[in-house]
Amino acid sequence: MDELKGKRIAILVADGFEDLEFFYPLLRFTEAGAEVVTAGLTKDEVKGKYGMEFTPSKTVEEILNEKFDCIIIPGGNAPEKLRQSEEVLELVRESQKKGVFLAAICHGPQVLVSAGLVKGRKLTAYRAVRDEIVKAGGDFDYVEVRQDGNLITSRFPEDLPAFSKAIITALT
């Protein structure tokens with residue numbers, strides 16, 4: 001189960017994160033041998049949409065100059081907070097330039113929209129995010145998982161197995 005040994009993955013987290021969309025990748029990719037770093041806007045404990053609590057290991061500012069193979073943006077209400085952070089937007093823009101895989105699920109693509117990364121790209125997301133993606137010049141397709149180059153997107157918790165598989169395939 002070391003298919004991701006030597007890979008580094010950052011998962012961004014803020015209050016209101018979708019519990020499964022955060023914990024499933026954290027556990028799945030740790031189990032697969034990746035070094036998984038959790039980064040929040042602060043190192044303060046955050047609470048998930050359904051009440052699970054978690055304390056990030058680092059801040060987004062602390063990981064700005066670190067090298068990652070993939071950045072994961074879970075959904076819920078957290079992307080609304082994450083997209084207001086200049087450090088988060090800088091992280092995803094710089095990661096895009098370096099070809100790092102950016103994986104966003106549910107409302108996670110809102111961060112990609114705010115970073116200006118969806119124009120001309122094919123994405124999926126929770127239905128409520130469709131209009132934002134289209135207005136930003138993205139091509140929205142309501143499917144289980146969509147990969148367009150280094151962008152990997154999914155719709156909701158039920159898509160987590162396909163989302164995770166797509167990330168593992170991209171990283172191996």
Are [Y] and [X] linked, directly or through intermediate hydrophobic residues, by side-chain heavy-atom contacts shorter than 4.5 Å (ILVMFWY only)?
{"X": "L27", "Y": "I9", "value": "no"}
{"X": "F140", "Y": "V143", "value": "no"}
{"X": "I71", "Y": "V113", "value": "yes"}
{"X": "L4", "Y": "V100", "value": "no"}
{"X": "F17", "Y": "L112", "value": "no"}

Between [X] and [Y], which heavy-atom pair has the shortest distance, and what is it?
{"X": "A78", "Y": "A14", "value": "CB-O, 3.4 Å"}
{"X": "S57", "Y": "V37", "value": "OG-CG1, 3.9 Å"}
{"X": "G51", "Y": "D19", "value": "N-OD2, 3.7 Å"}
{"X": "L26", "Y": "V36", "value": "CD1-CG1, 3.6 Å"}
{"X": "I152", "Y": "A170", "value": "CD1-CB, 3.9 Å"}
{"X": "G76", "Y": "C106", "value": "N-SG, 4.1 Å"}

Fill in the blank from the handout: Of D139, D141, T153, the one forming a side chain to side chain donor-acceptor pair (under 3.5 Å) with R146 is D141
Practice task
With R127 as the cation and Y142 as the aromatic partner, state whether NZ or CZ is under 6.0 Å from the six-membered ring centre and within 45° of the axis.
Solution key: yes
State, yes or no, whether a side-chain contact exists between [X] and [Y] at a heavy-atom distance under 4.5 Å.
{"X": "R28", "Y": "I168", "value": "yes"}
{"X": "H107", "Y": "N77", "value": "no"}
{"X": "C70", "Y": "L171", "value": "yes"}
{"X": "F101", "Y": "Q147", "value": "yes"}
{"X": "L41", "Y": "L82", "value": "yes"}
{"X": "V145", "Y": "T124", "value": "no"}
{"X": "I73", "Y": "V92", "value": "yes"}

Problem - D15 side chain to K47 backbone, donor-acceptor under 3.5 Å - result: yes
Handout entry: Test side chain to side chain donor-acceptor pair (under 3.5 Å) applied to E18 - qualifying residues, sequence neighbours left out
Key = none
Completion exercise
D44 meets the side chain to side chain donor-acceptor pair (under 3.5 Å) criterion, sequence neighbours left out, with T42
Can you sort out the partners of [X] under salt bridge (Lys or Arg N to Asp or Glu O under 4.0 Å), two or more places apart, ordered by chain and number?
{"X": "E62", "value": "K43"}
{"X": "K58", "value": "E66"}
{"X": "D69", "value": "K67"}

Practice task
With sequence neighbours excluded, tell me which residues meet ring pair (Phe, Tyr, Trp, His ring centres under 6.0 Å) with F68.
Solution key: none
Handout entry: For F29, ring pair (Phe, Tyr, Trp, His ring centres under 6.0 Å) partners two or more places apart
Key = none
Would you mind writing out the side-chain donor-acceptor pairs for residues 156-166 within the sub-3.5 Å range, not counting sequence neighbours?
residue, atom, partner, partner atom, Å
D159, OD1, R155, NH2, 3.0
D159, OD2, R155, N, 3.1
D159, OD2, R155, NE, 2.8
S164, OG, L160, O, 3.0

Problem - Ion pair check, K135 and E132, cut-off under 4.0 Å - result: no
Exercise for the section: Please collect all salt bridge (charged side-chain N to carboxylate O under 4.0 Å, His left out) contacts where either partner lies in residues 95-116, sequence neighbours excluded, each pair once. Expected result: E94-K97
Exercise for the section: Can you tell me which residue pairs pass the salt bridge (charged side-chain N to carboxylate O under 4.0 Å, His left out) test with a partner in residues 101-124, sequence neighbours excluded? Expected result: R121-D148
Problem - Listed partners of P74 passing side-chain contact (heavy atoms from CB on, under 4.5 Å), at least two apart - result: I11, E21, F22, I72
Could you go through residues 84-91 and list every donor-acceptor pair under 3.5 Å that involves a side-chain atom there, pairing it with any protein atom two or more places apart or in another chain?
residue, atom, partner, partner atom, Å
Q84, NE2, E80, O, 2.9
S85, OG, E87, N, 3.3
S85, OG, E87, OE1, 3.3
S85, OG, V88, N, 3.2
E86, OE2, R93, NH1, 3.2

Exercise for the section: Starting at NZ of K81, measure out to CG of L12 and round the result to the nearest 0.5 Å. Expected result: 14.5 Å
